[in-house]
Amino acid sequence: MAAFVIRRLLQSVLVLWLMSLLVFVGVYAIGNPVDILINPQADQADIARAIAALGLDQPLWQQYLTFLRQALLGDLGKSFAYNIPALQLILERMPATLELALAAAAVAVLLGIPLGLWAGLAPDSWAGKLIMSGSILGFSLPTFWVGLLLIMLFAVELGWLPSGGRGPTSLLLGIPVSFLSWEGIRHLILPATNLALFKLSLIIRLTQAGTREALLQDYVKFARAKGLSNARVVGVHVLKNILIPIVTVIGLEFGSVIAFAIVTESIFGWPGMGKLIIDSINVLDRPVIVAYLLIVVSLFILINLAVDIVYSLLDPRVRLGGATD
Amino acid sequence: MEREPTPLQRLVADFARSRLALAGLALLALILLAAVFAPLIAPQNPYDLAQLDVLDGRLPPGSKSGNGLTFWLGSDDQGRDILSGIFYGLRISLLVGVVSTLCALAIGLAAGLCAAYFGGRTDSVIMRLVDIQLSFPSILIALILLALLGQGVDKTIFALIMVQWAYYARTVRATALIERGKEYIEAAMCLALPPARIVLRHLLPNCLPPLIVVATVQVAAAIALEATLSYLGIGVPITEPSLGLLIKNGFDYMLAGQYWISFYPGVALLLTIVAINLVADRLRDVLNPRLQQ
Amino acid sequence: MSEAALRVENLRTHFFTRRGVVKAVEDVSFSVAPGKILGLVGESGSGKSVMGFSIMGLVDPPGRVVGGRILLGGRDLLRLAPEEMRQVRGNRIAMIFQDPMMTLNPVLRIDTQMTEAVRAHADVGRRAALERARDALARVGIASPDERLSAYPHQFSGGMRQRVAIAIALLNQPDLIIADEPTTALDVTVQGQILYEMQKIARESGTALIWISHDLSVIAGLADEICVMYAGRVVEHGSVDQVLDEPLHPYTGGLIASVPSRNRRGEALRQIPGMTPSLLELAPGCAFRERCSRADGACAQDPALSSPAAGRQVRCFHPLTQGATA
């Protein structure tokens, strides 16, 4: 197990290093770093000072080392728009995004697994067919368009829920969160549902396919032959088997939930990292863009690593395979 | 005159057995026609400023403009006919979707065939690249590229190509590897036929069916992604609005209850995506050799 | 016969497929006494496995038991409510499946899979259930059962897994165990051990055993009685010695002739010509007549089950032994 984790950690460091190289090449080599890293409103003297400070007169490999050292120290430049360190700005916005993404993942799991089980247990019923057709729509419709429909229906026409913003937050362990107050939850419902839609469809399809396959397996029939209740057969024997791929996917897709939060946050005016990056692109606030990319990529790598470890904990075959390698 | 149907005839007959797929195909044909002949059938040229009158702005569906034109789907804040805007917007959306898919297809095909045919280091380098890229969500990659490159139809197409090529590379490699293991390829290699001939005459045709299915689905995905990027304001520029941008332009008015500016372009987007998916779904069934028996 | 552990009367199980009705089990009757072993023999597709699942109440749709009675200790299982039937499964009747690699759930530990079978039927704590699981493992000859309990199925060999499955079947001291070809997937040496142990368990505990197999040589060394099934029907029934020494049905005769034997070394093995008929919309008449050398015009009628001698039954117009014509 330890060897497995260490090996995966080394791999992660490698990918992270590759990404840093890529972002560096993207920002420093392809574009003009003076444009990208220095405030367009700066005057000539400022630019000269910045070039010297950033070491842009140095050879490229030395620039890369400087960039790497500063990135490792957490110095990713200052936001032009907010005039505070880009890293700090993003970290301030991160809790809102994480809360939204977690809420969306929760919606996707809590609705997706039961619906998928239902569709898998009764594939020929009208409910089963309806669930599966719905999931196809959830897959192919663009998130932003569904978000607009949600706003149109629930905020504009029916007036039940707010059309945007985060609403009041309360502090939980020093982190501002929405889900502790009713007003906060009201603000959370529409964006979380919107963001959940794609993953919800994915989980429904995975669960349905997994259930149908598991039901044909001898071990399910054997479990029934043991006289187990239907609830135990489905809830333990079927579910535990299909949970492995589902947990893997939920984990792997959590990163993409954070990425797609860009869209949902923009539609619903949710003050998270995603809205920040779009705003930053629109005003060419490049240090924030660079910082966002590096942080999101690191987040991704962390998530992938965590998923691999959880996966190996869940599936005894993988766990022991890794130990004997 | 009983003749053995050609594979293509059999394919068409198979396809036509699904009414839903035929409906999708018909809808798709209508959408394509509307896009291609937009200048001929649109009631108005929405980008000819001389035809626009701000006084006609934000009229609900069915209203008449000052010069007698009927806005069947309403008008936007500039007094543009929404229906005409949709026809012109479809052109941009479809152009971006189709061109980017075709280019990505070509790149992915080349990369996948190389990986499968040469194997070894070529294979592992290409596939490692594919793996890394596929571990990041499409929207993030497109966003990175557009953030670095800026807005534009050409840049959006480029970003979508970069997003998509890896899917094709993986599909092609997987199919080609299966095909490569078969004896007739080994025989061709023993005969020392030139690699190009083996790849083009033997590997390529066998990779096409799954590729066609993936490409059809990807056109819809590319259109959806382009709409999303344009909605976010980082895709196509305001001078060449796609459906996504039309939807964005109406968003603020929607909150005030003037839904049509966003809603109808959205319906057009929805119909396009659903039509393509219906066709793709049927193609998958028809082209899947396992289901053909 | 009145003290039979299980009595099946005129059981019919049909599958309602899109292409027609498949009569997988048609008018089958037999009984097993406590401590006795009944061998259910037939080729694949003869309905013998469906027979087992019909008794368990586990026929998957589109299949359904459409008629007959299954009497266990005087109760007709077909009349039980689903919950009552669940209480019977794994408790009064246990089943062992063919492929031991597939029957145990790969992601659950052995102790979980064993204790849940105990606790589904008895209100006992986890500790007591574990105790029973340990005893059951020891009974089927698994060494150091304590360690084995906390293992996962993939850490066991095929033979070990089948022993675990047998141990699970024994957990609740059932009246009847249905074994559906449980040794087919195993090595010959393991097969022999398991056959021996099953026989011992049945005799010692008074459990009735239905052993389903296509392999007559396995049944020969194990069973007390034999039921030969062909195309969903019982074509011959009798004690092992009667059926093997003096088969009545031409099909049984063919099966015996196709078993390799030491006595007939050097001779070519005899095969039954032709293939098992499709059960889909089977034409009336004897289903074996297409492959039977004795068939004539009479065989286009359905032969009835006749009883030429005490404890013997055959479904044929032209049985093999002369003195036994109906």
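Letters A, B, ... are given to chains in the order of the sequence lines, protein chains preceding strands, and every chain is numbered from 1. Just so it is clear, the values below take in all heavy atoms, side chains as well, and ignore hydrogens, waters and symmetry mates.
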**Request:** Show your working on side chain to side chain contact (heavy atoms under 4.5 Å, CB included) between A/Ile267 and B/Tyr231 and close with a plain yes or no.
**Result:** CA-CA 9 Å; A/Ile267 302 168; B/Tyr231 174 83; 3.7 Å; yes

For [X] against [Y], the heavy-atom pair lying closest together:
X	Y	value
A/Ala259	B/Pro137	CB-CG, 3.4 Å
B/Thr228	A/Pro142	OG1-CB, 4.0 Å
A/Phe260	B/Ser138	CZ-OG, 4.3 Å

**B/Leu269 vs A/Phe144 side-chain heavy atoms within contact, under 4.5 Å** = yes

**Asked** Tell me, do B/Asn277 and A/Phe139 make a side-chain contact under 4.5 Å, heavy atoms counted?
**Response** no

**Complete:** CD1 (B/Ile273) and CG (A/Leu141) are apart, to the nearest 0.5 Å, by 6.5 Å

Need one label for [X]: side chain, backbone, both or neither, based on atoms under 4.5 Å from any heavy atom in chain A.
X	value
B/Leu232	both
B/Phe263	both
B/Leu229	neither
B/Ala227	both
B/Val217	neither

**Full working for side chain to side chain contact (heavy atoms under 4.5 Å, CB included) between A/Ile281 and B/Leu146** = CA-CA 9 Å; A/Ile281 291 175; B/Leu146 289 172; over 6 Å; no

**Item:** Contacts with chain A made by residues 151-159 of chain B (heavy-atom distance under 4.5 Å), listed by residue number
**Value:** none

**Request:** Sort by residue number and list every member of residues 21-28 of chain B having a non-hydrogen atom under 4.5 Å from chain A.
**Result:** none

**Request:** Flag the one option from A/Thr143, A/Ile258, A/Val263 with the top tally of heavy-atom pairs under 4.5 Å to chain B.
**Result:** A/Val263

**Complete:** residues 192-203 of chain A vs chain B, non-hydrogen distance cutoff under 4.5 Å, contacting residues -> none

**Prompt:** Which residues, numbered in order, of residues 130-137 of chain A come under 4.5 angstrom of chain B by heavy-atom distance?
**Reply:** A/Leu137

**Prompt:** With only heavy atoms counted, which part of A/Ile278 is less than 4.5 Å from chain B, the side chain, the backbone, both or neither?
**Reply:** side chain

**Message:** Walk me through whether B/Leu140 and A/Tyr292 qualify under side chain to side chain contact (heavy atoms under 4.5 Å, CB included).
**Reply:** CA-CA 11 Å; B/Leu140 197 64; A/Tyr292 174 86; 4.1 Å; yes

